[in-house]
Amino acid sequence: MERLKNRRDFLRLAKGRKWITPGLIVQAAPRPPIGADRAPPRCLRVGFTVTKKVGNAVERNRVRRRLIASTRALLPQYGKCGVDYVVIGRRATLTRPYERLLDDLKGALIKLGHVQSRTTKA
RNA sequence: UCAGAUGGCCGGAUGGCUGCUCCGCUUUGGCGGGGAGGAAAGUCCGGGCUCCACGGAAACACGGUGCCAGGUAACACCUGGCGGGGGCGACCCUAGGGAAAGUGCCACAGAAAGCAAACCGCUCUGACUUUGGUCGGAGUAAGGGUGAAAGGGUGCGGUAAGAGCGCACCGCGUCUCCGGUAACGGCGGCGGCACGGUAAACCCCACCGGGAGCAAGACCAAAUAGGGGCGGCAUUUAAGCGGUUUCCGGCGCGCCGCCCGGGUAGGUCGCGCGAGGCGGCUGGCGACAGCCGUCCCAGAUGAAUAGUCAUCUCCCGUUUUUAAAGACGGGAACAGAACCCGGCUUAUAGGCCGUCUGGCUUU
RNA sequence: GCCGCCGUAGCUCAGUGGCAGAGCGCGCCCUUGGUAAGGGCGAGGCCGAGUGUUCAACUCACUCCGGCGGCA
């Protein structure tokens, strides 16, 4: 699973589809075609955003770690190959029970999968 | 036992499953080991380190510091002491040089706010007088009133009334002596009040300070633009060279010769052995220093040090119970390294250890 | 990482040691047949928080809190 690190990628994902749950927000967009000379990237790519509104440094780090742990558990199963994801932490990510956080992520990924397939069909 | 004062320490523990980062080994499957803080924070000071032709000296400017002695690499920090203030006390607070170098300010009130003066008064006295007083002269600052502050304070004597006019004590100034390294303290003599406050107002004095900051800086290297580096000659002909001026020295300009680089958040280094931690001994009241032994202890860069479960520890609530104790539920602070170190300041649930003071009770 | 600026009435801002002010807004009254404009009167502030200097602090000093901006 590759990590998104560039500002350019985050700006592109911000224009894509978005699903909001109590525990987190997921953005998704299909990967743009890249030059053939580049090395073929991994199937799944994901980035994380936790803003200063969430809390201080300790709380932001903890939110990010919980998001990393949950995506590592679910994304290989529910994520679509060739689609980039950005997971945004919220204030509730800090205190939401872990099982509910997993449910939030699973639901968001499934919903975005439907949306993605419908748009590609249309 | 109650109420306080003060110094120091800890900052949940263990295990299972699944993971992260760095290092080492590797049969490339993995295995082993290290992995946040006392403040990592604020960026308020002091340094190391790196670069900038500010390399050296002096003066001015600017900024900072400001009782004394010591500690330290250094400091605005720390230790010990002194003076002042607070507290019954343990103890706490203290930007604490100079107001006789000069300038400014002291609103309102008040007669008067810095130089001494006199509003209501007080005393003596002259004139007039309707016998109540009115107007003047001289002396005075005790009393009244204003103010944050009124030119020493209290008491006695003294006087027409008063006044350091005289005396005693206190305070102030000054001189000698004594103790102390010093700040300062003490005894005594003299003066007789002349010298108000404010320097976190300008200022004066003493001391300190070049600037920027690891995104410093070095190296490897796409694209793109055209210069750049080294050496020699010449030594002022120009702007200028990190606040200004002066002096000394140098750079920068030009010519010749040789060489090829430049650097965009791409990568590598800088980047973890240090004014280091722990233990002991010695010196010192102490801060601290010296010696010996021992240990190697985070190095990320969309940024690791975790996710989750269980048990235990502590706290709170409900409930069963005479109680002990149990069951259920909830909670366990402030907060995350980003070049490093010494301080300061600020945030911090709960707990532990020591020393001391005052009160009460008992012996 | 380093540096600077600003917090004063509901809003935008003055004030530079002794009074807390201006404009807009708000309330009441006048004016008008009515409204706007205009005029008059008035309310509204522990000057971001704390400590200190001073007789006296929005002002001076220090420490925090919050906001905004700049540099590489």
Side-chain angles (χ1 to χ4, degrees):
Chain A
M1 199 163 57
E2 193 180 350
R3 190 80 170 271
L4 292 176
K5 295 181 177 180
N6 290 325
R7 171 177 168 80
R8 194 171 53 242
D9 293 326
F10 282 89
L11 290 177
R12 180 170 54 80
L13 269 292
K15 293 175 182 170
R17 297 284 171 175
K18 176 170 71 175
W19 192 259
I20 301 175
T21 68
L24 46 80
I25 300 170
V26 180
Q27 294 173 333
R31 189 169 318 156
I34 53 174
D37 55 334
R38 291 302 194 112
R42 305 236 184 99
C43 178
L44 287 167
R45 299 202 305 172
V46 63
F48 299 94
T49 296
V50 183
T51 67
K52 275 192 176 177
K53 283 196 296 184
V54 172
N56 60 21
V58 174
E59 292 170 332
R60 291 202 302 273
N61 279 336
R62 184 173 170 85
V63 164
R64 179 167 39 76
R65 287 188 205 110
R66 298 192 84 193
L67 293 179
I68 291 172
S70 56
T71 53
R72 185 173 291 121
L74 292 177
L75 206 59
Q77 186 179 355
Y78 293 95
K80 287 175 71 89
C81 204
V83 177
D84 291 342
Y85 296 94
V86 165
V87 184
I88 301 173
R90 315 183 71 181
R91 182 72 191 167
T93 313
L94 197 61
T95 54
R96 197 162 175 80
Y98 188 65
E99 294 300 322
R100 306 302 313 280
L101 197 62
L102 291 178
D103 290 343
D104 286 343
L105 181 62
K106 190 198 295 181
L109 290 176
I110 291 171
K111 284 286 184 182
L112 286 170
H114 289 340
V115 166
Q116 217 67 42
S117 58
R118 207 159 53 214
T119 48
T120 48
K121 211 176 292 179

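Everything numeric in this text was worked out from a predicted model, so none of it was measured. Here is how names work: the chains are called A, B, and so on, in the same order as the sequence lines, proteins then strands, and each is numbered from 1.
Base orientation of B:G32: anti (glycosidic angle beyond 90° from 0). B:G66 takes the anti form, because its glycosidic angle lies more than 90° either side of 0. Base orientation of B:G302: anti, the glycosidic angle falling outside 90° of 0. The glycosidic torsion of B:G29 lies within 90° of 0, which places this base in the syn conformation. Look at B:A194: its glycosidic torsion is within 90° of 0, and that puts it in the syn range.
The partner of C:C58 is absent, by the rule that a Watson-Crick or G-U pair needs both atom distances under 3.5 Å. Pairing for B:C105 goes to B:G197, judged as Watson-Crick or G-U wobble with the two contacts each under 3.5 Å. Across all strands shown, B:C278 is found opposite B:G293 as a Watson-Crick or G-U wobble partner, with both distances under 3.5 Å. With a cut-off of 3.5 Å on both pairing distances, B:A160 has no Watson-Crick or G-U wobble partner at all. Base pairing of B:G80 is made with B:C68, judged by Watson-Crick or G-U wobble geometry with both donor-acceptor distances under 3.5 Å. In this structure, B:A223 forms no base pair with any nucleotide, since neither Watson-Crick nor G-U wobble geometry is met with both distances under 3.5 Å. Figure legend. C:G66 is base-paired to C:C6; pairs are counted as Watson-Crick or G-U wobble with both atom distances under 3.5 Å. Here B:C356 sits opposite B:G4 as a Watson-Crick or G-U wobble pair (both hydrogen-bonding atom distances under 3.5 Å).
Separating the P atom of C:A72 from that of B:A216 is a span of 12 Å, rounded to the nearest Å. Distance check on atom P: B:A74 versus C:C65 gives 33 Å, rounded to whole Å. B:G11 and B:A332: their C1' atoms are spaced 11 Å apart (whole Å). Taking the C1' atoms as reference points, B:C135 lies 38 Å from B:A149, given to the whole Å. Nucleotides B:G42 and B:A206 place their P atoms 41 Å apart, quoted to the nearest Å. Rounded to whole Å, the P atom of B:C269 lies 16 Å from the corresponding atom of B:C339. Across C:U51 and B:U355, the matching C1' atoms stand 31 Å from one another, rounded to whole Å. Using C1' as the reference atom, B:A41 and B:U65 are 27 Å apart when rounded to the nearest Å.
Between the CD atom of A:Q27 and the CG atom of A:L112 there is a distance of 9.5 Å, given to the nearest 0.5 Å.
Between the CG atom of A:L67 and the P atom of B:G19 there is a distance of 19 Å, given to the nearest Å. Atom CZ of A:R66 and atom P of B:A304 are 17 Å apart (whole Å). One interatomic measurement links the two molecules: CG of A:D84 to P of B:G302, which rounds to 18 Å at whole-angstrom precision. Rounded to an integer number of Å, the gap from A:F48 CZ to B:G307 C1' is 13 Å.
When all heavy atoms are compared, the tightest approach of A:L67 to A:I88 is CD1-C, 4.2 Å. When all heavy atoms are compared, the tightest approach of A:G89 to A:V63 is CA-CG1, 3.9 Å. When all heavy atoms of A:V26 and A:A108 are compared, the closest pair comes out as CG2-CB, 3.8 Å. Listed here is the closest heavy atom pair of A:L101 and A:R66: CD2-CB, 4.2 Å.
Two residues are said to be in side-chain contact when any heavy atoms from C-beta on lie closer than 4.5 Å; A:Y85 and A:L109 meet this criterion.
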